[in-house]
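Here is the structure we will look at.
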Number of protein chains: 2
Amino acid sequence: MGMTTAEKIFAAHLVDEPFSGTKVLRLDVVLCHEITTPIAIDDLVARGKDRVFNPENIKAVIDHVTPAKDTKTATQGKILRDWARRHQIKDFFDIGANGVCHALFPEKGFIRPGYTVIMGDSHTCTHGAFGAFAAGVGTTDLEVGILKGVCAFREPKTIRFNINGELPKGVYAKDLILTLIGKIGVNGATDRVMEFGGSTVDTMSMESRMTLCNMAIEAGGTSGICMPDMTTVEYLWSFIHDQFATKEAALASYQQWCSDADAVYEQVIEIDASVLVPVATFNYKPDQVRPVTEFSESRVDQVYLGSCTNGRIEDLRIAAQILKGKRLAENVRGILSPATPKVYREAMKEGLIDIFLDAGFCVTNSTCGACLGMSNGVLADGEVCASTTNRNFNGRMGKGGMVHLMSPATAAATAIEGRIADPRNYL
Amino acid sequence: MGMTTAEKIFAAHLVDEPFSGTKVLRLDVVLCHEITTPIAIDDLVARGKDRVFNPENIKAVIDHVTPAKDTKTATQGKILRDWARRHQIKDFFDIGANGVCHALFPEKGFIRPGYTVIMGDSHTCTHGAFGAFAAGVGTTDLEVGILKGVCAFREPKTIRFNINGELPKGVYAKDLILTLIGKIGVNGATDRVMEFGGSTVDTMSMESRMTLCNMAIEAGGTSGICMPDMTTVEYLWSFIHDQFATKEAALASYQQWCSDADAVYEQVIEIDASVLVPVATFNYKPDQVRPVTEFSESRVDQVYLGSCTNGRIEDLRIAAQILKGKRLAENVRGILSPATPKVYREAMKEGLIDIFLDAGFCVTNSTCGACLGMSNGVLADGEVCASTTNRNFNGRMGKGGMVHLMSPATAAATAIEGRIADPRNYL
């Protein structure tokens, strides 16, 4: 009987099975940021266990509130920084080198097909875009991961999404995943792996695959997973060319992690991508999704472009294409946070930053605090934000604020019109 | 008997003299930002006095914490924004258009020779660089200013600083003002106007004059003042060319505000600029100043380039000149906050942003919250920051943190060496 990607990764990393269905896996990478890891560090120190299983397998970044906004966040950064120095964690990204974790770590080549990845962050599922099993965990699991390099998981069942057809003009990975979540609901994939395949995914960039996998958790999914292919190899090539003689050799190696043709899924869902339309969320759950053409009350005060969902270079490119030569609507303020310094520099080189500035956007350093109302664009009571982020919970970007999730293209069109707008009118 | 600039401005704006020595002046400009003005707005509203004397004479900006870091600061911004809309205050600068108030307002041409200027901000004295009388005020004065366009002042006596000679290589306006404050002390000019003249000031850019006047308050001064001259006219020309037939005509008009040759000063202090050296502050008062060559314990964790004191284009140019092709020291994090969007874009066009990024700096949007520990680079307990800002009070940039004030050149050299360094070694 064939196996899914997740099953293959579980089998290859199995260390122990303390009881049926719960498997302890060896971890390839433990990712850390300054909001959740300092709690684990403090606890490990208090327990006299201030050690790390292997500094080379730990990657850390300050990304949520950076530069620090107050003593608390300065202290969180300092705890992480001191810990990284103390344990010779070389891959620590501080102010100046830091960016949004789920964009930065892939960009650095840290995520590979077949890897097991944990982080104390719910959007860790993003990294499944590389054919990895990547899951957000709580403090206890994070501590064990840091100390022992292992983590216990219930072996998740997999829901396969067969997504075929060409995405229409103005429709992107963000519209696809929002539509999927709208279809299956916020609990539709709880404790499941969401495996994305089919011609639509096969032709997607790694950036778009990351957008797709990023929001698996919004349907309850443990990890999103895409099949590694030549797109994956191309993305990683600068990091792996010493390891493989040719790209084809890398591909052959990575494809061992692809789900077998006869793999058994809990459920298979077929999606025709060619009929999708640009969508946005309404109300306060990520599965409350409707076409952008069906919004009546749709005034926005702020447009936010950025985050681990949609702050990458292809996101900035499409938004800039729409914004070029245009201005923000009178009562809209625009914030662009390129996800990483590399994205920022690339955008500067391509003239995108100029376009955003000409349009009236504020361009901030790379950080993701706005998404969860922690910094860099918190809403006041009663304000509405059109946002390329991943969560529209009540008050998520600020108490009393409302968030409409959407693609960068829709956010750009919305910025121009001051109300939720259809990007197809600008393409 | 001749008059000083301050006396001339007082005479020309006199509305009332309720008792001897206290003069009520007509205000040309009331400046506002989102930290102090919302308190005044809320009080005016509560008193049923939600009016402004003239929306054209009021200028407002969100600059201290922008984009908002939390509900409190989002609300402060919203109060200011709603008020500006309600009263048709056209010169309101929101996210995307906003920058550090004392850099932005001059850049917009709002400050002219002979003006009276108030703001609920201690560094309002900056604007005296244009030959204006500009003073920071408390909430009550700000409310009266907003409502009636007047403010009561004790007529300040003037201390004249005759500063002559060429500043040596590596020595800048910041070194000059720090040296002056070191000389006269933090109370050396309390309730006095600090009038800066002499060949050194005459040959200074407007940017450097703003740096000089900006720190008048650190010696207790009510306002700094420089004499308007052709440099002033050139800076303002794009805003005043409709008003004057020629630059010479503008100069002739503006020079009415210059202190007379036979003006009477309370004190005249002579400074030989040619013997000055690069300095930095030690300890927690701005008059605790010593040459950069005399620091022993001088490790720094963070270097901050920005603020109303030194975040202007000439500041970025000199820092970039030193940093070009170099990297931050291992344990130093660097933050650059260009003071305004215009400064940021100019720096981008000149390739300075690339230099800072290559050196390892984080480039933030324009904001000044780091200076007072409000956002954008707050220190943790025990951390040390080399900073181009204006105050080194205990905990100013974060509780338990230490700040060394210095010029942008010295900050750049310090960033490279990781300890307080001499910029002359890099020029």
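What you are looking at is a predicted structure, and each value in this text was computed from that prediction instead of being measured. Order of the sequence lines sets the chain letters (A, B, ...), proteins ahead of strands, with each chain counted from 1.
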### Message
I'd like to know which of A/Thr66, A/Asn331, A/Leu379, A/Leu328 tops the heavy-atom pair count under 4.5 Å against chain B.
### Response
A/Asn331
### Inter-chain contacts: residues 338-347 of chain A against chain B, heavy atoms under 4.5 Å
A/Tyr344, A/Arg345
### Message
So B/Lys69 and A/Val65, do their side chains get closer than 4.5 Å, heavy atoms only?
### Response
no
Check whether [X] gets within reach of chain A through its side chain, its backbone, both or neither, counting any heavy atom under 4.5 Å.
X        : value
B/Asn98  : neither
B/Asp301 : neither
B/Gln76  : neither

Among [options], single out the residue with the greatest number of heavy-atom pairs under 4.5 Å to chain A.
options                               : result
B/Asn376, B/Asp381, B/Ile353, B/Thr73 : B/Asn376
B/Lys78, B/Arg81, B/Lys72             : B/Arg81
B/Thr75, B/Asp354, B/Thr367, B/Leu336 : B/Asp354
B/Met348, B/Gln302, B/Lys399          : B/Met348

### Message
For B/Glu350, I'd like to know if atom CD has over 12 heavy atoms of other residues, nucleotides or ligands within 6.0 Å.
### Response
yes
### Task
State which residue, out of B/Ile335, B/Thr364, B/Val363, fulfils the side chain to side chain contact (heavy atoms under 4.5 Å, CB included) condition with A/Asn365.
B/Thr364
### Query
Does a salt bridge link B/Arg85 with A/Glu330, judged by any charged N lying under 4.0 Å from a carboxylate O?
no
### Message
Applying a heavy-atom distance below 4.5 Å, give me the residues of residues 86-96 of chain B that approach chain A, sorted by number.
### Response
B/Asp94, B/Ile95, B/Gly96
### Task
Specify the closest pair of heavy atoms between B/Pro67 and A/Gly377, including all atoms of both residues, with the distance to one decimal.
CB-N, 3.3 Å
